[in-house]
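Below is one structure, written out as structure tokens; the observations come after it.
Because the structure is predicted, anything quoted here is derived from the model rather than measured. In the text below, chain A, chain B and the rest are named by the order of the sequence lines, each starting its count at 1.
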Amino acid sequence: MTEKTKKGLARVEEIYEDRSKRAIELKEQGKKIIGYLCIYPVIEMLTALDMVPFRIFGDIKEPITKADACLPTVVCPFLRSSLDLGLKGRYNFLEGTVMSHACEVCEKTAHIWKTYIEQKYTFFIDVPHTVHEAAQEHLKGLLEDFRKTLEAFTGKDLSNDKLTKAIKLHNEQRKLVREIYELRKPNPPLISGVETIKLIKSLMSVPVEEGNDILKDVLAELKNRKNAPQKKSIRLLLWGSIIDDASLIEIIENADANLVMDDTCVGTRPYFDDVKLTADPLEGLAYHYLVDIKCPRTFRESEYGETSKNYMKDLSSRFSYLSDYARDWKVDGIILHSLRFCDIHGYEVPAIRDFLDSKGIKSIYLEPDYTESALGPLRTRIEAFIETLG
Amino acid sequence: MTKSVIIDEEEGICSTVTGPTGAEHRHLANSVIEQAIRDADLSLDQIGYCVATGYGRMNVPFADSQITELTCHARGVAKLFPNARTAIDIGGQDAKGLKIQDGRLKDFVMNDKCAAGTGRFLEVLAETIGLNVKDLGDISLKSKKRIRISSICTIFAEQEIRAQISEGAAIEDIIAGLHESIAGRVVRMIKRLKIEPDVVITGGVAKNSGVIKALREHIGYDIFVPENPLLSGAYGAALLGREIYNKETSEKRDIRRGISLKEGVTFFK
């Protein structure tokens with residue numbers, strides 16, 4: 001056991017800077033570290049068997065040199081980067097991986113990963129793309145299969161009791177994250193956007209109990225902090241594709257704005273709804289991953305079976321949570337971010353803009369590449385957007 | 001290009017300077033302001049406030065504040081054309097579309113990822129044909145049957161043009177095709193803003209009558225061109241600077257009067 005002298009935000013910074021360090025330590029102590037790509041693999045089931053879910057990210061600072069041999073260059077650059085790191089051996093400490101049909105490219109990446117990268121365990125969940133009961137039932141069936149492969153791999157029994165216990169631990173994490181987001185409501189917020197993304201990324205790098213301890217320390221630290229973020233003229237919300245590096249958020253916060261809320265998958269998405277505790281825990285999990293998590297990879301319509309067209313009703317059923325966020329976090333404008341070639345978010349943008357326009361909420365659409373050098377030109381757009389809000 | 005505009009209390013223009021930017025931004029900023037002051041017959045301490053804008057806005061050591069070129073362009077255009085609702089700015093590095101409301105920037109789109117749809121596209125292709133970019137507009141107006149350039153990419157368009165030249169296509173038809181290509185590309189981008197009249201065009205490409213003709217065909221509205229289309233951003237910056245200065249002084253806040261020139265940073269010793 002290494003010394004963990006740093007606490008709270010200092011510990012977060014430490015994990016953010018070298019996120020595999022702790023995982024490798026745990027591996028040396030005999031823990032199984034299982035990588036997961038995107039937020040659709042049901043990590044509660046890994047925790048239940050005392051394995052460590054470790055989210056696979058890319059690196060915007062690392063040029064993609066190996067992945068182009070197996071993935072086209074005109075697909076999600078985040079997934080290309082993640083696969084590139086995998087091919088370069090950066091994820092060799094993982095015992096195995098769980099991936100999912102989060103989106104089309106995620107499925108292909110999962111298959112290529114399995115083909116080219118040596119691992120002891122691998123499972124693929126073809127998560128359905130609609131929210132209907134039949135789809136939930138289907139996902140539940142897939143999770144049954146997932147359970148069987150995990151039991152075979154670990155030689156342990158994954159009982160409903162163990163699973164319920166794990167769900168409670170993850171729900172506790174969700175509750176603590178929501179408490180952190182409450183501290184972004186004051187003006188100025190008590191935690192910056194940069195600190196928040198680093199915190200969330202850290203949580204996705206360590207066991208859930210350890211993450212919960214970090215969250216408790218950070219909460220205590222924030223409530224008494226003297227060096228709170230500076231108050232800026234504008235409060236912004238960030239919606240969109242994955243952002244797994246603080247640089248983009250830094251550009252926003254170096255301009256005259258506080259980022260106070262997000263709807264992204266290294267942010268609110270995996271944390272804002274609890275998993276319901278059901279007699280069969282897989283039922284609650286299937287519901288949560290399909291219905292609660294609002295990534296545009298899942299198709300939603302205002303009402304299943306409704307055959308007439310009512311665009312405004314459709315928009316409001318799909319996006320009213322965003323205007324609620326904007327109201328509750330007193331947001332002046334929304335940055336819509338769709339990573340280049342991220343089809344699922346790109347398709348959603350015209351509809352979201354129509355919805356936000358109808359609510360009188362100003363927005364800007366950015367479509368950057370997944371490299372550090374692509375961030376420079378964004379600065380002017382972000383600053384000009386802030387100027388239009390002032 | 002680096003531009004400088006000095007305005008007086010009545011928002012009248014005292015002097016303007018336009019010159020090539022080069023690599024040494026800070027050094028150049030100093031020499032441009034010195035020349036502008038000389039031309040206006042002013043001294044440095046008579047400058048109340050200075051706003052820097054554009055790509056180099058962080059490299060003007062003596063500026064009091066920085067405002068993006070989008071906001072400045074919108075302000076400048078709105079002052080020059082009070083009925084303007086849409087502005088198109090096509091410069092050497094990027095193309096922008098601006099929506100203007102109540103004299104202010106309301107919304108915008110921009111392309112700064114590649115040369116396609118910018119003045120750079122025309123510069124490169126003028127070179128391919130062996131012409132000066134300044135002459136393209138007039139030559140293209142002679143075209144009877146413009147050629148369709150299907151590539152958006154500057155490099156691919158260059159190959160297409162070479163093929164057309166070798167097949168004996170008339171130069172004016174090729175150039176008209178280039179103008180159509182850039183206009184089409186810019187309009188497709190700006191349509192996201194919902195184009196409303198009056199429409200104003202600024203930036204270096206606004207000096208090209210052929211592009212304006214092609215834009216007009218696409219948009220369906222008349223397009224207004226300022227007397228000096230390169231200066232509307234700098235003029236807008238000056239207008240915004242004056243507003244800030246008046247607001248600060250009316251609120252009796254302490255505002256530094258007079259700018260001082262710090263040593264221009266240089267890497268060419």
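Residues passing the side-chain hydrogen bond (donor to acceptor under 3.5 Å, both in side chains) test with B:Ser151 are B:Glu160, sequence neighbours excluded.
Contact of B:Leu105 with chain A is made through backbone and side chain together, with heavy-atom distances under 4.5 Å. The contact between A:Ile364 and chain B is made entirely by side chain atoms (from C-beta outward), counting heavy-atom distances below 4.5 Å.
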Between chain B and chain A, going by a 3.5 Å limit, which atoms form donor-acceptor pairs, if any?
from: B:Arg57; atom 1: NE; to: A:Glu383; atom 2: OE1; distance (Å): 3.3
from: B:Arg57; atom 1: NH2; to: A:Glu383; atom 2: OE1; distance (Å): 2.5
from: B:Thr68; atom 1: N; to: A:Glu387; atom 2: OE1; distance (Å): 3.4
from: B:Thr68; atom 1: N; to: A:Glu387; atom 2: OE2; distance (Å): 3.0
from: B:Thr68; atom 1: OG1; to: A:Glu387; atom 2: OE1; distance (Å): 2.6
from: B:Thr71; atom 1: OG1; to: A:Glu387; atom 2: OE1; distance (Å): 2.4
from: B:Met110; atom 1: O; to: A:Arg381; atom 2: NH2; distance (Å): 2.8
from: B:Asp112; atom 1: OD1; to: A:Arg381; atom 2: NH1; distance (Å): 3.3
from: B:Asp112; atom 1: OD1; to: A:Arg381; atom 2: NH2; distance (Å): 3.4
from: B:Asp112; atom 1: OD2; to: A:Arg381; atom 2: NH1; distance (Å): 3.0
from: B:Lys113; atom 1: NZ; to: A:Glu367; atom 2: O; distance (Å): 3.0

